[in-house]
Amino acid sequence: MTLSHIDASNFDLEKSLHCGQVFHWEKYDQGFVGAIANRAAFVKQRGERLSFAGVPERIITRYFSLDHPLAEICRSFPNDPGMNAARDFCRGLRIIRQPEWECLATFICSSMKQVAHIRQISIALRKRFGARKAIYGTLVYAFPGAARLAESSDEELRKCALGYRGKNLLATAQRVASGEADLKAWRKLADDELRTRLCELPGVGVKVANCVMLFAYERLAAFPIDVWIERVLRQQYFPPRKKITARQLREFCDNYFGDHGGYAQQYLFHHARKGGGPKMAI
DNA sequence: CTCCAGGGATGAT
DNA sequence: ATCATCCATGGA
C-alpha cells in the first residue's frame, strides 16, 4: 500500500484525534490507523506534511476538515485570557466530519462516561458488529450500521460494556433503520429544528444532540455543555459562588461565542483536560 | 422544581 | 483489593 502526501498547514492530527470527538483511532508506527466510514486508513503527520494510505485524498481532506478556514475561525473567537490560552494550546485542532449514524450512536454511548471508557465501548461495538478491514496487516473495524444494531438485542449490546445505554442505542437504531428517523434528510433542517428532532431519539438530550450537530452536521455554532466545560465557563466568565442556572449558562454561550461556538467549545474543553489549564480536579 | 438509578473505569485508600 | 467518584438522560 503506497503512501500519499499532502500539505496540511494549520492542522494537528494528534490533537484532532484525541480531543474527544472520535474514539477509535489507534497508534501505529509514527501515525494512526482507523476506519473512515467503511474504509481502513493510515494517517501520519510530520510537520505540515500529512501522509496517508487506504483512502483517496478527497476523503482525508473532507474527514479532517482541511477545507475549514481555521485561521479565520480562530480569529472569530472572543478575545479573553482563557479563550486566548486555549487558542494557543489547541493550534491546528480541527472538528472532524463524522458520518451521522456513527456519531449519533457513539455519543448515545458516551453519556455519563469518560473518554477512556467511550473508546472501549466504540471499539467493542465495532469488533462485535462492524465490518473488519485490514491495513498494513492491522485490523480495523468500521462502525456497524443502524440496521445491524437494530437486529441485535439489549443483552448482546450489553456485552459491549455499555450497560443501560444499550436499551437507548437499540431503540434509536431501530428508528433509524426503519427510516422513521431519516438522519440524512435532517441535514436540510435549521439548527433548532434539527436539535429538536435529535432530542426525540431515546438516549439523546441537549448535550448529546449538540455533539452530533457539531461533529456530524457541520453546525459549527452548536455548543455542547458538559460538566467539564461548565466548570471552565463558571471559572472564567462568572463570579465565584454566584449561582448560575443552566438556562443562563446556555444563553451566555450562544451569545458570547458566536458563529463558531462549537470550535471555541472544543478548544476550551481540550485545553482544560490536557493543558493543565485552569486548576480543576482531573 | 428536586432526586436518583444506571455501569464500569479510574483514582484513592 | 475494596471503596468512592465520575456523569447525561429520563423518569419519579
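Only heavy atoms go into these numbers, but all of them, side chains included; no hydrogens, no water, no symmetry mates. Reminder, nothing fancy here: chain letters follow the sequence lines and each chain counts from 1. This structure is a prediction, so every number in the text was calculated from the model and none was measured.
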Could you pull out all residues at least two apart from [X] that satisfy side-chain hydrogen bond (donor to acceptor under 3.5 Å, both in side chains)?
X: A:Arg158; result: none
X: A:Tyr28; result: none
X: A:Asn38; result: none
X: A:Gln30; result: A:Arg46

| For atom CZ of A:Arg165 and atom P of B:dG8, their distance in whole Å | 8 Å
| said: Does either side chain, that of A:His117 or that of A:Lys113, offer a donor lying less than 3.5 Å from an acceptor on the other one? | reply: yes
| If we ignore angles and hydrogens, is there a donor and acceptor under 3.5 Å between the side chains of A:Ser76 and A:His260? | yes
| field | Residues from residues 116-130 of chain A lying under 4.0 Å of DNA chain B - heavy atoms | value | A:Ala116, A:His117, A:Gln120
| Nucleic acid contacts of residues 190-210 of chain A, taken as heavy-atom distances under 4.0 Å to DNA chain B | none
| field | Secondary structure of DNA chain C in dot-bracket form (Watson-Crick or G-U wobble, distances below 3.5 Å, | marking inter-strand pairs) | value | |||||||.||||
| task | Indicate the ring-plane relationship of A:Phe89 and A:His270, choosing parallel, tilted or perpendicular according to the 30° and 60° boundaries. | result | tilted
Between side-chain atoms of residues 162-172 of chain A and protein atoms elsewhere (two or more places apart, or another chain), which donor-acceptor pairs fall under 3.5 Å?
residue  : atom : partner  : partner atom : Å
A:Arg165 : NE   : A:Ser111 : O            : 2.7
A:Arg165 : NH1  : A:Leu162 : O            : 3.0
A:Arg165 : NH2  : A:Ser111 : O            : 3.1
A:Thr172 : OG1  : A:Asn168 : O            : 3.2
A:Thr172 : OG1  : A:Pro202 : O            : 2.8

Show each protein N/O and nucleotides 2-5 of chain B N/O combination with a separation under 3.5 Å, one pair to a line.
none

| said: Could you work out, with side chain to side chain contact (heavy atoms under 4.5 Å, CB included) as the rule, every residue matching A:Val227, not counting sequence neighbours? | reply: A:Arg231
| task | Identify, with sequence neighbours excluded, every residue that meets side chain to side chain contact (heavy atoms under 4.5 Å, CB included) alongside A:Arg87. | result | A:Cys74, A:Phe77, A:Asn84
| query | Does A:Arg231 make a side-chain N or O approach to OP1 or OP2 of C:dC7 shorter than 4.0 Å? | reply | yes
| field | Min side-chain heavy-atom separation A:Leu198-A:Phe107 under 4.5 Å | value | no
| Pairs flagged by side-chain hydrogen bond (donor to acceptor under 3.5 Å, both in side chains) wherever residues 182-207 of chain A is involved - sequence neighbours left out | A:Glu100-A:Lys184, A:Glu100-A:Arg187, A:Asp191-A:Arg219, A:Asp192-A:Arg195, A:Arg195-A:Asn210
| Can A:Arg234 and A:Glu230 be counted as an ion pair, charged N to O under 4.0 angstrom? | yes
